[in-house]
2 protein chains.
Amino acid sequence: MRTHTAGLARDLEVIEALASAEAFTLGGIGVARVAELTKRDKGQISRVLKTLEATGLVDRDKATRKYSLGHRFYSMSMRTREAHLALQAESRLAELVAQVQETAHLNVLRGGRVLTIKTVVAADAVRRSGWDGVLSNAGITASGRAILAGLTDSEIELWWAEHALDDPLPLLSIDMPEPAEPINPKTRRARRPARSLKQFEKMLQEVRDKGYAISDEFQEGIVDAAAPVRDSSNIVVAAISVGASIERLGDQTDQLGQLVSAAALRLSTDLGAPIIGPA
Amino acid sequence: MRTHTAGLARDLEVIEALASAEAFTLGGIGVARVAELTKRDKGQISRVLKTLEATGLVDRDKATRKYSLGHRFYSMSMRTREAHLALQAESRLAELVAQVQETAHLNVLRGGRVLTIKTVVAADAVRRSGWDGVLSNAGITASGRAILAGLTDSEIELWWAEHALDDPLPLLSIDMPEPAEPINPKTRRARRPARSLKQFEKMLQEVRDKGYAISDEFQEGIVDAAAPVRDSSNIVVAAISVGASIERLGDQTDQLGQLVSAAALRLSTDLGAPIIGPA
DNA sequence: CAATTAGTTGACATATGGACAACCACATTA
DNA sequence: TAATGTGGTTGTCCATATGTCAACTAATTG
């Protein structure tokens, strides 16, 4: 089958290039650089960027002539489900942060990855920059597990088949804050959800039993706790998570889990979820 | 001159269609409807949407098969200047809201319009839904004036020439919450910044003198106050605004202006603006 | 379950984008 | 200030990617 949209696919790479870490940190990149990144003719890129600019999807700095993702992107993004959720979650996350004195996140599952859509930082947090907009591998994060635990066994099998081996990050793509050291094969293996589907399902069963998920594989020295958020149809649409350093947390993992779980339940009822116990 | 990007331009209209109020309120629209909105062949639209989905720029609801703006949109939007500003402004806006007990906004000027990038709602606000992502005509909003007042006379002239007569809203586009009654010519005339450039510049001079801008033309019965936010190069990048109903405000307009102005100054110094008086 | 509507896929003619090159603007250096 | 280099824009020609149309399948409705 011919896709019939080869040109569009190519042009979307231009947008990806502008969303790259490079463009982001430099505050924009020029026509020549985009052409280089996308391996296309600079003349064509010049024209493509011009039409993208006309829609506001990319902005151009008048002085430096460099392009970056545009205001329209921000504007339109407010019309996504993600933005809606983020808005509704804000106050509940703030409550949780006040309770635990740690930064809290709202995450959703998208394909094989977890997307952080809202971060509320604790007052004394070291890193003020949030993870908003960052994609992480789902299987090894507490949030990913919390959400996946809400699926049926057959759905989980399907997910496992499709995504268990997803690479840490897609194509040109948006990278995580600290782009990480050269791929250490050991670390890399650890970044798989579990050895086998069986093992993974067992892990998810534990999550169901407790009502929250735990992960210490995602970031060295950090324990994450996450609990599922349900909507009015009682299906899991997101997860609230909190990460705490191991030493600070001590043996209070369960307490943290309970608090996160309670916050997730409050948000769920905000969203109109039926007020029955977990499940 | 041939644009050489006709196809892309057409395909972008598909995205616009998905950002329309219709798609938004219905929680997604199908292939046929998008084809109708964009006046294109449904076969082609089917293919276009498929490639857009592959990048995550649009999401498809598995059950209903309807498309909507995708998670990648949200993710990428966090890489815009607007998102950065919004993040930094959050706490300052919250302070201001605590002081004045009214909903506060952060706005930027984009072309002839003001884009609201962050809303912090007051506890007792009637409408909980924010204006985030909404575009409004710049000349008649307090924020627009506050920002424009930061430009030089020649820049203002240029702006006036280009945008003074901009239509309320662009093409297919993102509409405002209440799409407004059928265009009343009287209202419509009122929606121009001022009769003449001279008059407009005089208005802006007043803004400079006071340090904040006032507008009562934007929404019936509401007085908006706005003050400019400057970055480390001391150029105006945004405005903080607060709207209060006329009766609630009484004769305290100036006090409100002062508070808004103070909040804007705090945010400016957060952004690294030199700590000199207003301009 | 027939009838209607929504979505997908195939094939051909033609509009469109890629390649290349000339050109402009601006900065850097000799 | 001429010379060189870098980044960006625009024109033209031709291969090819896309629009058109139609047949088809899949879902939805009465």
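Proteins come first, then strands; the chains are lettered A, B, ... in the order of their sequence lines, and each starts at number 1. Values below: all heavy atoms of this structure, side chains included; hydrogens, waters and symmetry mates excluded.
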Checklist entry - What about A:Arg47, does its side chain sit under 3.5 Å from the base of D:dG11 through a donor-acceptor pair? => result yes
Counting the atoms with a prime plus P, OP1 and OP2 as sugar-phosphate, which does [X] contact under 4.0 Å by heavy atoms, base, sugar-phosphate, or nothing?
X	result
A:Gly43	base
B:Leu49	nothing
B:Ile45	nothing

Item to check | Partner residues of B:Phe73 under the ring-ring contact (aromatic ring centres under 6.0 Å, His included) criterion, sequence neighbours left out | outcome: A:Phe73
Mind calculating the distance between [atom1] ([X]) and [atom2] ([N]) to the nearest angstrom?
X	N	atom1	atom2	answer
A:Leu8	D:dA17	CG	C1'	12 Å
B:Asp41	C:dT9	CG	P	14 Å
B:Glu53	C:dT8	CD	C1'	14 Å
A:Ile29	D:dT6	CD1	C1'	16 Å
B:Leu12	D:dT18	CG	P	14 Å
B:Arg40	C:dT8	CZ	C1'	16 Å
A:Lys66	D:dG7	NZ	C1'	8 Å

Checklist entry - Salt bridge or not for B:Lys118 and B:Glu82, using N-O below 4.0 Å? => result no
Next on the checklist: Between the side chains of A:Arg72 and B:Glu16, is the shortest nitrogen-to-carboxylate-oxygen separation below 4.0 Å, so that they form an ion pair?
Outcome noted: yes
Checklist entry - Are any side-chain N or O atoms of A:Tyr74 and backbone N or O atoms of B:Ile117, one a donor and one an acceptor, separated by less than 3.5 Å? => result yes
Does the side chain of [X] get closer than 4.0 angstrom to OP1 or OP2 of [N] through an N or O atom?
X	N	result
A:Gln44	C:dG18	yes
B:Arg10	C:dT16	yes
B:Ser46	C:dT8	yes
A:Lys50	D:dT10	yes

Next on the checklist: As a quick check of understanding, evaluate salt bridge (Lys or Arg N to Asp or Glu O under 4.0 Å) for A:Arg40 and A:Glu13, giving each step before the final call.
Outcome noted: CA-CA 10 Å; A:Arg40 294 223 275 157; A:Glu13 284 178 27; over 6 Å; no
Next on the checklist: A:Arg79 vs B:Asp132, test: salt bridge (Lys or Arg N to Asp or Glu O under 4.0 Å). Steps then yes/no.
Outcome noted: CA-CA 9 Å; A:Arg79 301 247 158 157; B:Asp132 288 8; over 6 Å; no
Item to check | Position toward the 5' end of DNA chain D (nearest nucleotide), B:Ala63 or B:Lys42 | outcome: B:Lys42
Item to check | Ring-ring centroid check A:His84 B:Phe24, cutoff 6.0 Å | outcome: yes
Next on the checklist: Tell me whether the ring of B:His4 lies stacked over the C:dT16 base, given a 5.5 Å limit on centroids and a 30° limit on the plane angle.
Outcome noted: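 Here B:His4 fails the 5.5 Å or the 30° condition.
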Checklist entry - Can you tell which of C:dA19, C:dG7, D:dG7 lies closest to the side chain of A:Ala32? => result D:dG7
Checklist entry - In degrees, rounded to 10°, what is the bend between the two ends of the helix from C:dC1-D:dG30 to C:dA30-D:dT1, using five pairs at each? => result 50°
Next on the checklist: Is any side-chain heavy atom of B:Leu148 closer than 4.5 Å to one of B:Phe200?
Outcome noted: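 Counting from C-beta outward, B:Phe200 and B:Leu148 do come under 4.5 Å.
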